[in-house]
Amino acid sequence: MTVDSMESLRVLTLNTIRFIAQAGPIIKPKKDQGNDILEKQIAYMNRALLEGRMSFENYRDLIEVFAEYWVQRCDVTDGGVVKRPEQCIEQNENELKSQLLQCMASALDKNVQVVDLIKFCRVYDELLVDLRNLPLEWFVRLPTEDYNDIFIKKNDLSIVQNKWMGSERQCYSVENVGRFKTLYLALFDEPKIPRHFLFETIKSLLACIIDLETKEQWIDGVELTESDQLNATGLLIASIRSSLLYLKEQPDYINFDGFFEESTRPFIIVTNESISYVDFEKRINIVKESFWYFRKSNEIDIAVALLLYKESSELNYNGERLRYCYRKYNEKFDELMGKHSSTDTVAKIASIVADVTRETDSTNLTAQWDTDFKSNKLPEILAGLSAVWALHVSRDMASTGQYLKPHCIQILCVFRLLSADREDEGVRKHLAQVLTGQGKSLVLALVASVLALCGHSVQIMCYIKYLATRDGKEFEDFYDLFGIHSKISYQTFEEAAKERLNQIAGNATQYVHSCIGLPNVKSYSGVILPNPVLLVDEVDVLFDEKLYGETYNMGTFPRIPGIDKIQLFIWKMVQKNCTSIREKVDIYLKDESDPQIAMFNNLINKSGTFALLIHCGDQSIGKTFTNSSLFSMHIDRMISIAKQVHDMEPNHSVFNEFRLNSTGKIAVRQSFGNYSETTYKNYYNAFIYFRLKGTNFEEGKTNYGYLNVRLGSISYAKIPEDFSLILGVSGTLTSLSSYEKKVVNDHYNITEMTVMPSFFGGSNLKFNETVDFNCFNTATEWTNAIFGRINVTVNAKRSVLVIFNSDVEINGFKQQFAAQLDRLNVLTVNTDPADKERFISDAGVSRTITLATREMGRGVDYKSSVAVESNGGVHVIQTFFSVGVKEETQIKGRTARKDNRGSYELIVCVDDLGKENFVDSQESYLTVTYDQLNNKRNVQMMAWMMVKDESRVEKLKVANKNHQATVDFYKNK
């Protein structure tokens with residue numbers, strides 16, 4: 001047995017003992033709900049084991065969540081559901097306990113996958129923790145103020161210190177339930193004591209949870225599977241938990257009935273009125289976000305926003321015009337929201353959509369926008385869009401009289417991006433800094449909608465697929481309401497480059513096949529968008545070295561008869577360390593009787609010449625071939641690469657660029673960290689596959705047996721040139737290097753920049769450069785320190801997000817410590833989309849450990865649970881020192897967001913710092929400080945940028961030259 005297996009067995013045994021120890025003392029001789037839960041837990045484990053549905057890891061995790069249930073159950077049984085039992089009515093508390101037991105019992109009865117039950121139990125256990133941490137005080141208002149002093153003097157009530165203090169709405173907290181009830185009924189002519197709204201709220205929410213857990217159909221008749229029931233209930237619980245933070249605000253409400261409605265009604269509506277699981281998921285997540293959003297949306301008015309804007313931006317804007325535009329916008333927004341107030345939400349939306357589309361000229365392109373349009377018409381169009389968005393996303397909260405609406409700072413950003421404050425005609429190219437968590441997606445969606453309504457096609461580019469897919473799905477219903485969905489597309493930069501290449505050389509694959517003598521394939525004609533406008537999310541990535549100066553290279557990879565056998569033969573010869581492999585291949589082709597080799601030979605001997613675009617050095621050039629010369633060149637290339645791969649050391653960096661995925665296909669690492677099965681690096685895919693797989697090579701997949709023919713290149717830097725208008729947002733625009741600023745100004749002629757203030761105020765993150773920074777001497781000490789800090793964090797009942805440089809470091813860390821860590825998730829750009837959403841959601845759950853690559857440290861919103869928030873929030877550990885401060889800023893922004901708590905630290909290894917030239921080889925790890933590294937980074941960045949900028953200029957020239965060579969080559973093909 002390996003050390004890892006022994007450690008896993010130790011953790012599993014420990015969890016099993018813990019489960020027995022926690023559950024045992026609660027078991028009673030006679031039948032009760034506690035015994036029933038335990039029996040159901042054991043019965044579920046037996047079923048799963050007998051049916052072969054439970055892996056070692058599943059069993060470990062299931063035992064862990066079951067044991068945690070009994071920990072929380074003991075707390076509830078011994079100490080009550082709430083913190084202050086003297087404020088509780090025993091009947092209420094018993095009802096809550098019964099509801100909680102019913103919820104767990106129902107979950108255990110379901111025939112679902114083990115992972116689904118584990119996921120549910122974790123959310124449920126967190127709910128128990130949150131309820132235990134929730135001070136469910138009994139707040140009351142007295143019918144008259146005649147007897148206040150009597151209650152106060154007897155310490156039956158205490159005055160709540162809030163804005164209503166001293167007024168007729170003064171609120172009190174019940175300190176002694178028994179005496180208060182007796183005295184209240186004696187002094188007041190009231191048949192009942194005041195309602196305990198917090199208890200009623202929790203009971204109503206638990207009833208909603210139980211209803212969904214047993215719900216058989218969505219409102220349109222679509223049936224819920226038991227898995228749907230459990231997963232939807234988990235989402236509902238997570239959303240409800242996020243709202244519990246705000247129950248403490250009950251005393252601030254004018255009307256306690258309104259508090260009860262706002263706290264419960266949205267969840268009930270979503271549960272009762274969703275038409276599918278997907279619809280439910282989208283709606284419940286909006287409800288989840290609404291609680292903090294409502295509280296922030298009105299904290300800053302236009303006057304304060306403009307003042308903050310003035311402090312954060314250069315004085316190159318017209319503040320009075322912005323104020324005028326916002327006033328027009330706000331007046332129209334209020335008018336539309338009040339219009340047809342008696343009609344339902346759907347009819348109201350339809351009415352506003354009709355008004356907006358009727359008043360908008362679909363041929364009014366931005367070049368024609370004059371001052372009058374930008375000052376008067378644009379605010380009204382934007383108000384209509386905002387009103388529809390508010391009504392659409394707030395339909396589940398509408399009964400409470402509250403609506404999500406764009407923040408005034410977001411609206412100001414839209415006005416700035418669309419040049420509303422400028423007197424000249426048209427819209428200028430413009431970039432805006434919108435900080436992390438400040439609604440960049442909504443800003444872009446509103447801008448895109450205005451442009452689409454006015455006749456433009458809008459292409460929104462994101463740097464990773466996850467963000468493009470997420471934002472596209474988030475706003476597709478909104479775009480559909482106005483009939484503009486087809487005019488707005490979300491793409492990654494790679495997808496945009498591929499589309500551009502199809503526009504230039506859509507028939508390239510067909511041409512190559514025709515030249516070689518292969519069957520015809522479909523040609524592609526890239527979509528030419530009318531009046532295109534480019535919007536870029538995280539726009540600074542576009543100017544980063546991963547894109548600017550690089551090319552997207554496209555090829556065709558036909559599976560030619562016999563090629564697979566040739567590649568296998570080459571690999572066998574290389575493994576035998578044969579000399580003169582080329583000669584042996586020629587003999588093999590001549591003597592082999594396999595019919596596929598015969599077909600290959602026939603293809604080689606095909607007559608005729610043709611031109612292909614090839615890569616020679618760093619240049620793309622046209623070259624004339626015959627089939628014989630083409631295949632000969634490729635066989636030589638295969639042999640060369642096979643030798644290289646065979647001779648590589650096992651730890652060679654090239655192996656980090658490839659991996660065998662779960663389906664047995666070789667995948668290649670892309671520039672942003674994602675792995676692709678459809679990307680080829682010459683013939684490395686084939687021969688690294690042979691080396692990694694070792695034996696039993698699978699035929700029929702794309703791993704080998706292909707010819708690699710280059711089609712052409714698209715320079716990423718050339719893509720924006722196809723758009724007359726470029727607008728973009730980023731959270732780190734002020735951190736652009738001098739070279740990147742030069743690119744912005746000189747290459748793309750973008751002269752307008754805006755720095756928007758935060759509508760949450762400053763970040764809550766406090767980073768101490770001494771305390772929160774640690775450097776270690778060896779990789780072992782470094783990983784041990786990370787492991788230690790993870791344990792400290794989870795033992796404090798917080799969650800921890802650990803950002804690694806790449807998945808290589810994650811795999812190494814996981815291999816070493818995974819068996820000792822429960823609730824461990826790995827989050828990269830390659831994580832399955834369904835798991836990705838779940839892992840992002842779980843990252844803020846108590847005791848959860850998330851190992852993530854640097855790409856997931858940007859643009860992803862990790863939310864902390866009530867329990868985690870009460871214990872200090874999400875803790876972020878960055879395990880490497882960022883070469884650029886922009887990345888560090890983005891990673892820090894994953895915690896202490898949107899008024900939440902959180903913390904961050906850096907744990908680095910001196911060897912890694914040496915590789916990046918942050919420290920000298922002789923320097924002791926003991927003397928390394930954050931301030932030293934930051935200063936070195938700044939100095940290094942300036943010097944490095946001067947040298948690097950020159951090389952980037954040259955790289956750009958090469959990239960653009962190859963781009964043009966592709967255009968020229970296919971011009972007449």
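This chain uses plain numbering: 1 for the first residue, then up along the sequence.
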Decide if atom NZ of K814 counts as having more than 12 heavy atoms of other residues, nucleotides or ligands within a radius under 6.0 Å. no

Ion pair check, E550 and K955, cut-off under 4.0 Å: yes

Contact between L827 and K836 at the side-chain level, heavy atoms closer than 4.5 Å - yes or no? yes

Salt bridge (charged side-chain N to carboxylate O under 4.0 Å, His left out) for R858 and E887? Distances and angles first, verdict last. CA-CA 8 Å; R858 179 174 194 148; E887 181 180 58; over 6 Å; no

Yes or no on side chain to side chain contact (heavy atoms under 4.5 Å, CB included) for I719 and F493, after CA distance, side-chain angles and deciding distance? CA-CA 9 Å; I719 294 174; F493 297 111; 5.8 Å; no

N/O donor-acceptor pair under 3.5 Å between Y683 side chain and Q567 backbone: no

Are any side-chain N or O atoms of Q113 and backbone N or O atoms of V115, one a donor and one an acceptor, separated by less than 3.5 Å? no

Are I614 and I621 close enough that some pair of their side-chain heavy atoms sits under 4.5 Å apart? yes

Value for CD1 (I604) from CG (L630), rounded to nearest 0.5 Å, stands at 10.0 Å

For the residue pair G712 and L613, what are the closest heavy atoms and their distance? CA-CD2, 3.9 Å

Heavy-atom pair of closest approach, residues L821 and I790: CD2-CG2, 4.1 Å

Would you please say whether a donor-acceptor pair under 3.5 Å links the side chains of N661 and E677? yes

Within the side chain of Q964, is there an N or O that forms a donor-acceptor pair under 3.5 Å with the backbone of N960? no

Please check: side-chain N/O of T783 versus main-chain N/O of T780, any donor-acceptor pairing under 3.5 Å? yes

Relative to the ring of W571, is the ring of F690 parallel (under 30°), tilted (30 to 60°) or perpendicular (over 60°)? tilted

Look only at the side chain of R952 and the backbone of G549, and say whether a donor-acceptor pair between them is shorter than 3.5 Å. no

Hey, does N605 have a side-chain heavy atom less than 4.5 Å from the side chain of S628? no

Would you say Y684 and Q644 are linked by a side-chain donor-acceptor pair, where the criterion is simply a distance under 3.5 Å? yes

Rounded to the nearest 0.5 Å, what separation is found between the OG1 atom of T551 and the NE2 atom of H615? 7.0 Å

Between Y548 and H747, does the ring centroid distance fall short of 6.0 Å? yes

Between Y716 and E494, is there a side-chain heavy-atom distance shorter than 4.5 Å? yes

If you look at every heavy atom in S715 and A959, which pair is closest and at what distance? CB-O, 3.7 Å

For K606, does the NZ atom sit with more than 12 other heavy atoms under 6.0 Å from it, leaving out its own atoms? yes

Option among T679, N830, N656, D807 that satisfies the side chain to side chain donor-acceptor pair (under 3.5 Å) test with R669: D807

Parallel under 30°, tilted from 30 to 60°, perpendicular over 60°: which one fits the rings of F569 and Y588? parallel

CE of M633: more than 12 outside heavy atoms within 6.0 angstrom? yes

Worked check of side-chain hydrogen bond (donor to acceptor under 3.5 Å, both in side chains) between E499 and Q491: CA-CA 10 Å; E499 185 173 284; Q491 293 180 312; 3.2 Å; yes

Side chain to side chain, E888 and R937, heavy atoms closer than 4.5 Å: yes

So, does E657 use its side chain to make a donor-acceptor pair with the main chain of V654 at under 3.5 Å? no

For the NZ atom on K936, are there more than 12 heavy atoms of other groups (residues, nucleotides or ligands in this structure) within a distance under 6.0 Å? yes

Whether the side chain of N708 engages the backbone of N682 through a donor-acceptor N/O pair (distance < 3.5 Å, no angle test) should be reported. yes

Tell me whether the NZ or CZ atom of R659 lies within the 45° cone about the ring axis of Y675 and under 6.0 Å from its centre. yes

Using the ring of each side chain (for Trp, its six-membered ring), is F557 parallel, tilted or perpendicular to Y680, with breaks at 30° and 60°? parallel

Sidechain-backbone polar pair: T626 side chain, S629 backbone, donor-acceptor under 3.5 Å: yes

Taking the side chain as C-beta and beyond, is there a heavy-atom pair between L467 and I464 under 4.5 Å? yes

Donor-acceptor under 3.5 Å (T492 side chain, E495 main chain): yes

So, R582 versus S632: side-chain donor-acceptor pair below 3.5 Å or not? yes

Is the F776-Y925 ring centre distance short of 6.0 angstrom? no

Any donor-acceptor N or O pair under 3.5 Å, side chains E583, T579: no

Without swapping roles, check the side chain of N627 against the backbone of L603 for a donor-acceptor pair under 3.5 Å. yes

Determine, step by step, whether Y463 and D537 satisfy the side chain to side chain contact (heavy atoms under 4.5 Å, CB included) criterion, reporting the C-alpha distance in whole Å, the side-chain angles of both residues, the deciding distance to 0.1 Å, and the verdict. CA-CA 8 Å; Y463 79 103; D537 188 10; over 6 Å; no

Check whether any side-chain heavy atom of S676 lies under 4.5 Å from a side-chain heavy atom of V668, and answer yes or no. no

For the residue pair F839 and L851, establish whether any side-chain heavy-atom pair is separated by less than 4.5 Å. no

For the pair Y689 and Y704, name the ring-plane relationship: parallel under 30°, tilted 30 to 60°, perpendicular over 60°. parallel

Short N-O contact, D647 and K643, less than 4.0 angstrom: no

Distance, nearest 0.5 Å, that separates CZ of R470 from SG of C462: 8.0 Å

Counting only heavy atoms not in K584, do more than 12 sit closer than 6.0 Å to its NZ atom? yes

Determine, step by step, whether Q459 and S489 satisfy the side chain to side chain contact (heavy atoms under 4.5 Å, CB included) criterion, reporting the C-alpha distance in whole Å, the side-chain angles of both residues, the deciding distance to 0.1 Å, and the verdict. CA-CA 5 Å; Q459 196 164 330; S489 62; 3.8 Å; yes

Please round to the nearest 0.5 Å and tell me the distance separating atom CG of N507 and atom OG of S514. 10.0 Å

Step by step, work out the ring-ring contact (aromatic ring centres under 6.0 Å, His included) result for F880 and F804. CA-CA 7 Å; F880 59 95; F804 285 90; 8.5 Å; no

Correct closest heavy-atom pair for F600 and P561 would be CB-O, 3.3 Å

For a quick test of reading the model, state the closest non-hydrogen atom pair linking T879 to I803 and the distance between them. OG1-O, 2.8 Å

Where is the tightest heavy-atom contact between A497 and I714, given as atom of each residue plus distance? O-CG1, 3.7 Å

